[in-house]
Amino acid sequence: MIRVAAVGDIHMGADSEGVLRPALETLPDCADLLLLAGDLTRLGTPEEARVVAREMSGLAVPVIAVLGNHDHQDDRPEEVTAVLRDAGVRVLEGGSTVVDVDGTRVGVAGTKGFGGGFAGRCGTEFGEHMMKEFVRYTRRCADGLRTGLEELKEQGCAARIALTHFSPVPDTLAGEPLEIYPFLGSYLLAEAIDTAGADLAVHGHAHAGTEHGMTSGGVRVRNVAQPVIRRAFNVYHLHGDQQEARPAAMAHTSAAG
Amino acid sequence: MNEHPGGHASGDGTAAGTRTAASPPNIEYRIAHLKERLATELVGELGIRVEARGGSVVVSGTVPSVHCRDEIERIAQEELDGVAVHADIVVAEAAAPDHPEELA
């Protein structure tokens with residue numbers, strides 16, 4: 001069994017120093033790794049990133065993160081990434097990383113992702129340059145996620161997790177206004193997950209959404225935005241041996257409790 | 001009727017709404033401006049919901065700190081001066097979970 005802790009949208013600033021630390025200190029007792037699903041800061045400044053870095057530094061479990069749109073607000077995502085990496089956080093954007101959990105290889109592929117909307121109700125690569133670039137950017141993010149998941153498969157990971165900030169499915173947006181769904185996620189992310197296969201997809205971004213969802217290929221999706229889970233993090237128990245590389249064809253999935 | 005997009009002709013004309021008479025007709029635009037300010041000013045808040053309800057405005061959502069909540073309430077009062085603002089803003093909970101979810 002693999003114990004995955006996850007939270008997104010912690011939006012740390014100067015006034016949140018130490019807020020999460022007491023809960024994070026309990027991680028070794030309940031989780032094997034911690035996933036951070038983006039929007040770690042409020043305005044994406046290196047100063048805020050340092051608050052996050054201090055909060056995460058020296059934890060007894062590996063910490064793996066993607067950035068969110070807030071972490072881009074100050075136009076310095078590279079600096080934010082560097083600050084977090086200096087603190088030992090593995091920041092992913094189109095790549096993947098492997099964690100060894102008692103001899104079991106657990107892979108995480110990640111991208112911030114972007115918007116565009118969901119199948120049948122989405123933007124397309126047509127018209128103005130900015131519109132085409134909008135959709136192409138999401139496509140590049142999705143391609144990076146798919147490549148990362150495929151790499152993990154080649155590396156023989158017993159469990160693979162897709163980590164994004166934007167949502168791959170509309171299910172976990174329930175509660176948000178329908179009109180803003182295209183700004184909250186894209187089906188291209190779900191298509192990448194279903195094409196490459198994964199055991200779990202974790203995202204944030206939709207504060208008013210709901211926790212549980214599923215891709216059309218049967219991969220469980222969890223919205224771990226802190227306002228949704230109402231905790232410092234949630235923990236998911238994955239049973240990797242039962243779920244080896246769940247492909248899109250394996251649509252049968254037992255109902256979650 | 002629709003040439004003034006913000007002009008909400010409230011159906012309950014009998015309501016005590018002392019604010020209704022004082023409310024300017026462009027409340028939709030004022031809400032849009034407030035949301036823009038919340039996103040771009042110090043708090044960087046995109047997840048706050050601001051909705052007109054009758055003659056008043058409800059501001060709701062979850063924020064990371066008490067300071068953020070106070071700032072949002074201050075900016076909302078400032079931007080919607082003359083309109084009754086009802087705030088229902090929750091500070092995010094930072095406790096560790098008490099149980100996992102089994103994904104069997």
Side-chain angles (χ1 to χ4, degrees), chain A residues 1-5 9-16 18-27 29-31 39 41-44 48 69-70 73-74 176-177 180 183 199-200 205-208 211-212 220 222 225-239 242-243 254 256-257, chain B residues 2 5-6 8 27-53 57-76 86-104:
Chain A
M1 181 183 69
I2 299 136
R3 306 170 303 167
V4 181
D9 306 77
I10 54 177
H11 292 285
M12 301 198 85
D15 60 345
S16 35
V19 168
L20 293 175
R21 191 72 195 193
L24 295 175
E25 297 282 2
T26 70
L27 276 170
D29 299 327
C30 64
D39 276 6
T41 66
R42 290 174 201 165
L43 297 169
E48 289 181 342
N69 52 315
H70 278 251
Q73 169 62 13
D74 202 37
E176 295 280 4
I180 69 168
F183 302 107
D199 300 289
L200 175 67
H205 195 45
H207 293 199
E211 186 186 354
H212 289 213
R220 289 188 181 91
R222 295 293 180 264
Q226 201 187 3
V228 171
I229 62 172
R230 300 170 65 93
R231 294 184 186 92
F233 53 85
N234 258 5
V235 176
Y236 303 100
H237 285 182
L238 272 180
H239 301 268
Q242 296 170 14
Q243 307 198 349
S254 59
Chain B
N2 57 6
H8 58 277
I27 194 156
E28 285 186 7
Y29 294 151
R30 295 179 75 187
I31 287 173
H33 295 157
L34 168 59
K35 292 210 69 168
E36 192 69 27
R37 269 190 77 182
L38 293 178
T40 55
E41 284 192 10
L42 281 178
V43 286
E45 271 299 337
L46 299 173
I48 292 295
R49 190 167 287 195
V50 186
E51 292 174 334
R53 301 263 178 91
V57 170
V58 173
V59 180
S60 59
T62 303
V63 296
S65 70
V66 171
H67 175 71
C68 280
R69 185 184 65 195
D70 293 347
E71 276 297 283
I72 289 165
E73 290 184 2
R74 181 186 65 76
I75 293 170
H86 303 297
D88 186 12
I89 301 171
V90 178
V91 177
E93 293 166 50
D98 55 10
H99 67 281
E101 180 188 346
E102 296 291 337
L103 299 179

- prompt: Is the number of heavy atoms from other residues, nucleotides or ligands within 6.0 Å of CZ (A/Arg3) greater than 12?
  reply: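 Check passes, neighbour count above 12.
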Given that the side chain runs from C-beta out, which part of [X] has a heavy atom under 4.5 Å from chain B: side chain, backbone, both or neither?
{"X": "A/His207", "value": "side chain"}
{"X": "A/Glu25", "value": "neither"}
{"X": "A/Pro22", "value": "neither"}
{"X": "A/Leu24", "value": "neither"}
{"X": "A/Gln73", "value": "neither"}
{"X": "A/Asn69", "value": "side chain"}
{"X": "A/Ser16", "value": "neither"}

message: For B/Arg49, give me all partners under side-chain hydrogen bond (donor to acceptor under 3.5 Å, both in side chains), at least two apart in sequence or on another chain.
response: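 Not a single residue meets the side-chain hydrogen bond (donor to acceptor under 3.5 Å, both in side chains) criterion with B/Arg49.
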field: Largest heavy-atom contact set with chain A, pairs under 4.5 Å, which of B/Gly61, B/Gly47, B/Ala92, B/Ala95
entry: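 Most heavy-atom pairs within the cutoff with chain A belong to B/Ala95.
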field: side-chain hydrogen bond (donor to acceptor under 3.5 Å, both in side chains), paired with A/Asn234, selected from A/Gln226, A/Arg222, A/Glu211
entry: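 Considering A/Gln226, A/Arg222, A/Glu211, a side-chain hydrogen bond (donor to acceptor under 3.5 Å, both in side chains) with A/Asn234 is found only for A/Glu211.
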- request: Compare all side-chain heavy atoms of A/His11 with those of A/Glu48 and state whether any distance is below 4.5 angstrom.
  value: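 No - every pair of side-chain heavy atoms lies 4.5 Å or more apart.
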- request: May I ask you to decide if A/Phe183's main-chain N or O and A/His205's side chain share a donor-acceptor pair within less than 3.5 Å?
  value: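 Side chain of A/His205 to backbone of A/Phe183: a pair is present.
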query: Can you name the residues that form a side-chain contact (heavy atoms from CB on, under 4.5 Å) with B/Val57, not counting sequence neighbours?
result: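 Residues passing side-chain contact (heavy atoms from CB on, under 4.5 Å) with B/Val57: B/Ile27, B/Ile31, B/Val50, B/Val59, B/Leu80, B/Val83.
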